[in-house]
Amino acid sequence: MSQPAPAIRAFFDEPTNTVSYLVWDTATKRGAVIDPVLDWDNRSGTADTAFADRMLAAAAENGVAIDWVLETHAHADHLTAAPYIKARTRAPIGIGEHIREVQAIFRPVFHADDVKPGGGDFDRLFQDAEHFAIGTLDVEVIHTPGHTPACIAYKIGDDVFVGDTLFMHDYGTARADFPGGNARTLFRSMKRLLALPPHTRLWMCHDYKAPGRDQFAWQSTVAEQRAHNPHVKDGTTEDEFVAFRTKRDSTLSAPLLLLPAIQVNIRAGRFPPAESNGVRYLMVPVTARNAAAVE
Ligand SMILES: [Fe+2]
């Protein structure tokens, strides 16, 4: 099915190396926001919406009405601004249906009893191969587990928003060692995306600048990934990837915003309910390598 390409504006959040997107149908001016970042100063515990406001301003400048807030997965490196966008646009928040598994893993970790059962914090849970519309644009959901069990990509014609399923073709791939992550599954998900036509444009959720590249970049193609991605280019076997990824992941430390991000993002961006003093707190579960350390 051929349809006009969507208009795409990328917004890069340098503090978290995240790319958020505003995507719209030029025919109807209906649009979606993908993976919006909430500004979060972890040192002071301060949240702000300047980044999301830039996205909303761009939508307004282009006369675009936002119909969807789309997440590719529950991010571990930034907090989502989805509820803020939803409050201002009434757009429902969508994510992959396997978010239920991610919530089941982390709900007890954060004693997050307010997380609703069955993924009810989100407005729409997408299944693999499901289709929905942004204006007259057809969007296909592709389940791409591996980085997390709930990862999905959004395919709009020849443009695919891949989340963390791939990084730039000169950089590599995302870690697969979060709870519920799996390197072998990630390889298969990547191969599924790389089986799309070579000219398919792939839009990343992160960039860290590859060695020798001095600009951030977030758009690649299937052909470029298959020719150049050092972790997954053609000729790389599944076992080679799994061995490499497992070894690399064993050297990585937890992402800076892992704890705040996960407990907010599994709530679809809600912060935990306020305590009796009216203040909202984020939680740091304490791990004691030596029990005496916390006695
Ligand atoms: Fe991620």
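All ligand and atom numbering here is 1-based and tracks the order in the structure. Hydrogens, waters and symmetry mates play no part in the numbers below; they use all other heavy atoms, side chains included.
Taking the charged nitrogens against the carboxylate oxygens, R184 and D239 do have a contact shorter than 4.0 Å, which makes a salt bridge. Ion pairing between a basic and an acidic side chain is recognised when a charged N comes within 4.0 Å of a carboxylate O; D77 and R175 show no such pairing. Checked for salt-bridge contact, D249 and R245 meet the test: a charged N lies under 4.0 Å from a carboxylate O. Using a cut-off of 4.0 Å between Lys/Arg side-chain N and Asp/Glu carboxylate O, R213 and D170 are scored as salt-bridged. Salt bridge annotation for D234-R226: present, with a cationic side-chain nitrogen under 4.0 angstrom from a carboxylate oxygen.
Panel detail: the Fe ion (ligand 1) has protein N, O or S atoms under 2.8 Å away, 3 in number.
Taking a 6.0 Å sphere around CZ of R201, one finds it holds more than 12 heavy atoms contributed by other residues, nucleotides or ligands.
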